[in-house]
Amino acid sequence: MLEYLNNLQECFFTWCDNVLQDHINREGSIFKQWRPRKNPDGSYDLVFIMATRDEAASKFAVPVPEEFHELLEHEYFCNHPPDEES
């Protein structure tokens with residue numbers, strides 16, 4: 001059982017789990033990796049890679065709700081490098 005520091009952190013990771021599960025169910029894909037990405041305008045995307053059964057990988061980006069931006073900025077990913085493809 002994971003322990004979270006606070007309710008906002010728990011809500012964020014639950015949101016991430018739900019987004020990923022939705023794509024797994026819809027695409028019939030296998031989850032490979034995920035990370036948040038900060039956009040030039042200060043917003044965040046959840047970027048993740050899914051692979052199909054034949055190993056073809058696809059990259060997805062889903063906007064992170066604004067309620068989690070401060071959490072990401074201050075606790076987790078403020079120094080994470082942006083995508084080279086952004």
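Contact between Met50 and Phe31 at its shortest, heavy atoms only, is SD-CA, 3.7 Å.
Remark: Asn18 engages Thr14 in a side-chain contact (heavy atoms from CB on, under 4.5 Å) (not counting sequence neighbours). Partners of Gln21 by side chain to side chain donor-acceptor pair (under 3.5 Å), not counting sequence neighbours, listed by chain and number: Asn25. For Ala61, the side-chain contact (heavy atoms from CB on, under 4.5 Å) partners two or more places apart in sequence, or in a different chain, are Arg37, Asp45, Val47. Under the rule for a side-chain contact (heavy atoms from CB on, under 4.5 Å), the partners of Leu8 that lie at least two apart in sequence or sit in another chain are Asn6, Phe68, Leu71. The side-chain contact (heavy atoms from CB on, under 4.5 Å) check on Ser43 picks up Asn39, Asp41, His69, with sequence neighbours excluded.
The OG atom of Ser58 lies 10.0 Å from the NE2 atom of His23; values are rounded to the nearest 0.5 Å.
In the hydrophobic clustering of this structure, Leu20 does not group with Ile30; members are Ile, Leu, Val, Met, Phe, Trp, Tyr whose side-chain heavy atoms approach within less than 4.5 Å, directly or through other members. Linking Ile, Leu, Val, Met, Phe, Trp and Tyr whenever their side-chain heavy atoms come within less than 4.5 Å leaves Ile49 and Tyr44 in two separate clusters.
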Carefully, step by step, assess Phe12 and Leu72 under the rule side-chain contact (heavy atoms from CB on, under 4.5 Å).
CA-CA 9 Å; Phe12 171 70; Leu72 293 171; 3.6 Å; yes
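Considering only heavy atoms from C-beta on, Val62 comes within 4.5 Å of Trp15 through its side chain. For the pair Phe48 and Lys59, the minimum side-chain heavy-atom distance is 4.5 Å or more.
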